[in-house]
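Working notes, beginning with the structure itself.
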2 protein chains.
Amino acid sequence: MALEHAILVSLEERSGSGYELARRFDKSIGFFWAASHQQIYRTLKRMVQLEWVTCTEVAQDGRPDKKVYGVGEAGRAELRRWLAEPSDPTVLRNDLAVKIRGASFGDIPALLAEIARHRDAHAERLDVYRVIEKRDFPDPAVLTGRHLHQYLVLRAGIRAEQGLVDWFDEVLEAMRRDGGEDR
Amino acid sequence: MALEHAILVSLEERSGSGYELARRFDKSIGFFWAASHQQIYRTLKRMVQLEWVTCTEVAQDGRPDKKVYGVGEAGRAELRRWLAEPSDPTVLRNDLAVKIRGASFGDIPALLAEIARHRDAHAERLDVYRVIEKRDFPDPAVLTGRHLHQYLVLRAGIRAEQGLVDWFDEVLEAMRRDGGEDR
DNA sequence: CGACGCAGTGCAACTAGTTGCATAAGACGG
DNA sequence: CCGTCTTATGCAACTAGTTGCACTGCGTCG
């Protein structure tokens, strides 16, 4: 249940419409908290009812009208409360680990091809993060405040992707050595 | 939607009751695919209806009767199919990353204390995995087949936990340097 | 002019997961 | 003897997330 708070953080950084929020989730926040536009719209509606966010309809020329959301005082207080609240450890679900655990019951070459495909996808995402790191945070040692926070979140993504790529390489090497491709 | 297949893998390894499956999820499979006993029971029911698994009631002395599940032919075929099926990249949700992103809107010392607490919890889990690695896989180079697969899954957990601990250390060091504790 | 994409919003039905509780049999300790 | 724990099973109501679709306004392209 962090979607509300991810939305509050984003709107505190900058007010915006549901559509703009969805775009931010696609490009930035969604790397560490994924949400569909539908979920965002529904959650925004509930947050308006809770008075956590304010909503202003804005007429537009040549485009559909839009609703611009901002954080209300109750939302600000709720965000402060949540930021200090202890949370449970993240629950993990990794379907590739399930597949590797069950590899001997299936077609191992096909599974290895699938793992290689995931490895390449994660390597690509790692490349994206590296480019962002170089472009936006060329000198991490001098970062402070909000920029430092954004950088540290990017670092989580980089570490996670690197860890996955390394793991996939280990899996491919070991299972290929085990004869996984000639059965 | 991999719970069905995690259950199929576990029952292929060894038949068992819903209660036994829940214990296996608590101690082993749950490290990479978490599920509550209630979810397992409900899913088993549906899998019996699909004829993916067989179900035999076993009377017991001094204990409640139990239902023992095994994999049926349809389940075996479904598992083979799923193991070869391409899957979507894992969707990520990390509430601590959301908190770090929003740190400047809250109580930074309290957040740092929370991060330290998570760091210690993950370091403990990493220790548990290291002990399992030493005990069960002292010589990884000679592993083959199913034992190799189990080892590689454990390696995913080790890498993930190590990555998290390293990230938490980076976050704590950088935010403390940024004066996070004297505000 | 119709299809598609971007800029906008949102309903409904569904799946996946969680929580809380309930039941029963036996062992054990206070 | 009562409370707690282990061994067993499972209902119901809920939240979180997904899917598919629908609608509007405008620009572009074939």
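Keep in mind that what you see is a predicted model, and the values were worked out from it rather than measured. Here is the naming used below: chain letters follow the sequence lines, and residue numbers restart at 1 for every chain.
Taking side-chain N and O atoms only, B:Tyr41 has a distance below 4.0 Å to OP1 or OP2 of D:dT9. Considering only side-chain N and O atoms, B:Arg63 lies nowhere under 4.0 angstrom from the phosphate OP1 or OP2 of C:dA25. Phosphate proximity of D:dC11 to B:Lys45: present, with a side-chain N or O under 4.0 Å from OP1 or OP2. The side chain of A:Tyr19 contributes no N or O atom lying less than 4.0 Å from OP1 or OP2 of C:dT9. The shortest distance between the side-chain N/O atoms of B:Gln38 and the OP1/OP2 oxygens of D:dG10 is not below 4.0 Å.
Mapped onto DNA chain D by nearest heavy atom, A:Ser36 and B:Ser17 fall at different nucleotides, with B:Ser17 at the one closer to the 5' end. In terms of position along DNA chain D, the nucleotide closest to B:Arg93 lies nearer the 5' end than the nucleotide closest to the other residue of the pair B:Arg93 and A:Asp61.
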### Query
salt bridge (charged side-chain N to carboxylate O under 4.0 Å, His left out) between A:Arg119 and A:Asp169: does it pass, once the steps are laid out?
CA-CA 8 Å; A:Arg119 187 240 176 254; A:Asp169 284 341; 2.7 Å; yes
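The base of D:dG17 lies close enough to the side chain of A:Arg42 for a donor and an acceptor atom to sit less than 3.5 Å apart. If you check distances only, the side chain of A:Arg46 never reaches the base of D:dT15 with a donor-acceptor pair under 3.5 Å. The base of D:dT7 does not come close enough to the side chain of B:Arg23 for any donor and acceptor atom to sit less than 3.5 Å apart.
Residue B:Pro64 places its side chain closer to D:dT7 than to any other of C:dG10, D:dT7, D:dA16.
Between A:Ile7 atom CD1 and D:dA16 atom C1' the separation is 13 Å, expressed in whole Å. Here D:dA8 presents its C1' atom at 14 Å from CD1 of B:Ile40, a figure rounded to the nearest Å. Atom-to-atom, NE2 of A:His37 to C1' of D:dG20 comes out at 11 Å; the value is rounded to the nearest Å. The CD atom of A:Gln39 sits 15 Å away from the P atom of C:dC11 (whole-angstrom rounding). The distance between atom CG of B:Asp65 and atom P of C:dA24, rounded to the nearest whole Å, is 14 Å. Here C:dG10 presents its C1' atom at 12 Å from CG of A:Leu44, a figure rounded to the nearest Å. When the P atom of C:dG5 is taken as reference, atom CG of A:Asp26 falls 16 Å away, rounded to whole Å. In this structure, NZ of A:Lys67 is placed 14 Å from C1' of D:dT24, rounded to the nearest angstrom.
Side-chain contact between A:Arg42 and A:Lys45 is absent, with no heavy-atom pair separated by less than 4.5 Å. Counting heavy atoms from C-beta outward, A:Leu79 and A:Val71 have side chains that stay 4.5 Å or more apart.
Note on A:Arg24 versus A:Glu13: no salt bridge recorded, every NZ/NE/NH1/NH2 to OD/OE distance being 4.0 Å or above.
For the pair B:Leu96 and A:Ser87, the tightest heavy-atom approach, listed with the atom from each and the gap, is CD2-OG, 4.2 Å.
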